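Owing to the predicted nature of the structure, the values given are computational and were not obtained by experimental measurement. Letters A, B, ... are given to chains in the order of the sequence lines, protein chains preceding strands, and every chain is numbered from 1.
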2 protein chains.
Amino acid sequence: MSLPDVLPLQPAYYNPQARVCAECRVRRFALFGALDEAALERIHGHIAELRLAPGESLYRMQEAGLAAYTVRAGVVRLERTNERGERRILRLAGRSDTIGMEAMLGQSYAADAVACTEVQVCCLPRSLLDELANDQPALMRDMMKRWQRALDDADEWLTELCTGPARRRVLRLLLKLSEFAEHDGEPVWLPARQEMSAMLDMTVETASRLISQLKREGVLTAHSQRSATLHMDALLQALRDSAQDEA
Amino acid sequence: MSLPDVLPLQPAYYNPQARVCAECRVRRFALFGALDEAALERIHGHIAELRLAPGESLYRMQEAGLAAYTVRAGVVRLERTNERGERRILRLAGRSDTIGMEAMLGQSYAADAVACTEVQVCCLPRSLLDELANDQPALMRDMMKRWQRALDDADEWLTELCTGPARRRVLRLLLKLSEFAEHDGEPVWLPARQEMSAMLDMTVETASRLISQLKREGVLTAHSQRSATLHMDALLQALRDSAQDEA
DNA sequence: CGCACAGTTGAGACTCATCAAACCACGTGG
DNA sequence: CCACGTGGTTTGATGAGTCTCAACTGTGCG
């Protein structure tokens, strides 16, 4: 979760944040990956780092959007609560995902954004879009790719986690959680049952039953309430099996 | 479906398509709503009209994307078919929605796009994004708003049509279909039961049962297989009721 | 230690899927 | 024009999967 990477020393930066950006681990994925150091300097002051503890919220639905955020570490969930107080988790965002882009268009946020784990984000202020359009029009394309990525994620979430029997949905969720791990084999963040139920549209009891069952089957091993190791071979096999018995 | 609107006469257009754009009914919603006639002239040749019959497909998933499309009339569905041949409808696009924008970023299409009704679309070629970036950078913001709108639609689809008991999902689908009608009280396009099942993740039988039941309850009256009149007061009341019995 | 809250497990009810059959709309060919 | 076939729709009977309600267990914290 810390940023220990030491890059080769860069020329001195006038602004400390520019240095952070230059050294950022996710830089190659990030919006400014294509920028050289001089350009980074120009947009320096606009970007701020932010850290959140699990459960803290980054912004709330319908708030006036002040900034978009790129996730540098951790997992953030986007969720909505409808009139009747039912919560639905729309999707998860991990490293190098950008959320809250509606703010850049002057719109209010379309969902709540809440930290699932410890989280670090870069704050991209509302004005950034205008600055980019003036100074670095070539980056507008990167910006649009981010929108497209969010759309792809939304579509994938819908097709993977909203269809089929409960067991398969849980398995696919675990697969998705494995994408957020830093390395293979590393413990993954395990959502609370209530969160699972809001992601997969099932009850907490069903989520609990299925997770317990998968533990017994050796698909995962929990280390604490919020952390578990996935056994990918067993997980993938279980997914194949659950596809089999359709036929 | 025709374009009878007669606008005050404009100066003669060099290009017939520019005239079509200028007179387009959806112009105020559309990408070029903000352009004056001179600017329209400049991008004239890039835009082509296209008509589709119900069931015809506009593009297919993984095809190399040649163009994005703005829907001028009719309803288009975006759908995916997974490895096992199960189809899932991701969302519907109606007048003034833009689909297939991934093509403008050089990506292949992320889903199939199929006409549900008779459809008219404007074809926005892949090169348009570059042209705009050069000639009309101010329009890039409009373009991004389109991405954001697609994202909002995706989120709404997930929260409205993928949650709760089957009956409520059907009711919400009907509500959404009413948005695609030209005027209030006009017959709406009624999906085939198989399409409903792919939208709402249920079986055709369940969809059929619920639609029949709603007919008996006077929520809708079918005129033909693919067309019905919705009785909005009854529909909205039914939705309120289905919310009630949660408590 | 004991409290509060999350997770687990069980029993029964209910929704929805499955399988099967009848019905209807529509196009084709006699 | 009607008989017929095809494919979508409706309806019924049954069972699997999931929800609901309830009790119990485990975890973390004061």
Side-chain angles (χ1 to χ4, degrees), chain A residues 53-55 84 86-88 116 161-174 189-217 219-228 238 241-247, chain B residues 53-55 84 86-89 114 116 161-174 189-217 219-228 238 241-247:
Chain A
R84 239 181 0 282
E86 298 165 350
R87 189 175 63 151
R88 183 78 213 248
C116 293
L161 300 181
C162 297
T163 34
R167 179 183 162 93
R168 195 192 310 161
R169 300 210 302 281
V170 170
L171 287 168
R172 284 183 174 158
L173 174 61
L174 292 177
W189 165 66
L190 197 66
R193 304 299 170 268
Q194 200 166 344
E195 291 166 336
M196 286 192 191
S197 77
M199 293 180 204
L200 305 176
D201 193 35
M202 61 181 63
T203 59
V204 285
E205 291 93 333
T206 302
S208 173
R209 270 183 252 273
L210 290 168
I211 289 291
S212 305
Q213 186 186 338
L214 292 174
K215 281 182 198 165
R216 287 190 287 268
E217 292 175 15
V219 171
L220 46 53
T221 316
H223 303 114
S224 75
Q225 297 261 65
R226 291 288 91 76
S227 160
D241 293 347
S242 83
Q244 277 305 315
D245 46 44
E246 305 266 321
Chain B
R84 242 184 352 285
E86 298 165 349
R87 191 175 62 152
R88 182 78 212 247
I89 295 181
V114 185
C116 292
L161 300 181
C162 297
T163 348
R167 180 183 162 92
R168 195 193 309 162
R169 301 211 301 280
V170 170
L171 287 169
R172 283 181 174 159
L173 174 61
L174 293 177
W189 165 67
L190 198 65
R193 304 299 170 267
Q194 200 166 343
E195 291 165 336
M196 286 193 193
S197 76
M199 293 181 204
L200 305 176
D201 192 36
M202 60 181 65
T203 59
V204 285
E205 291 94 333
T206 303
S208 173
R209 270 184 251 274
L210 290 168
I211 288 291
S212 307
Q213 186 186 338
L214 292 174
K215 282 182 197 163
R216 287 190 287 267
E217 294 175 14
V219 171
L220 48 54
T221 318
H223 301 114
S224 75
Q225 298 263 66
R226 292 288 93 73
S227 158
D241 292 348
S242 85
Q244 276 305 315
D245 46 44
E246 304 269 320

In B/S/- notation (B base, S sugar-phosphate only, - none; protein heavy atoms under 4.0 Å), nucleotides 11-27 of chain D written 5' to 3' is BBB----SSBB-----S
Residues in salt bridge (charged side-chain N to carboxylate O under 4.0 Å, His left out) contact with [X], at least two apart in sequence or another chain:
X	answer
A:R167	A:E217
A:R172	A:E160
A:R226	none

Whole-Å gap separating [atom2] ([N]) and [atom1] ([X]):
X	N	atom1	atom2	value
B:M196	C:dC16	CE	P	16 Å
A:Q194	C:dT8	CD	P	13 Å
B:L190	C:dA25	CG	C1'	15 Å

Side-chain atoms of residues 189-198 of chain A: list all donor-acceptor pairs with protein atoms under 3.5 Å, sequence neighbours left out, distances to 0.1 Å.
unit_1, atom_1, unit_2, atom_2, d
A:R193, NH1, A:P191, O, 3.2
A:E195, OE1, A:A192, N, 3.0
A:E195, OE2, A:R77, NH1, 2.8
A:S197, OG, A:Q194, O, 2.7

Main-chain N/O of A:M202 paired to A:R169 side chain as donor or acceptor, under 3.5 Å
no
Taking side chain to side chain donor-acceptor pair (under 3.5 Å) as the test, write out the residues that go with [X], two or more places apart.
X	answer
A:S227	none
A:S212	none
A:S208	none

Over the length of the helix from C:dC1-D:dG30 to C:dG30-D:dC1, how much do the five-pair end axes diverge, rounded to 10 degrees?
30°
Any side-chain N or O of B:R193 under 4.0 Å from OP1/OP2 of C:dC24?
no
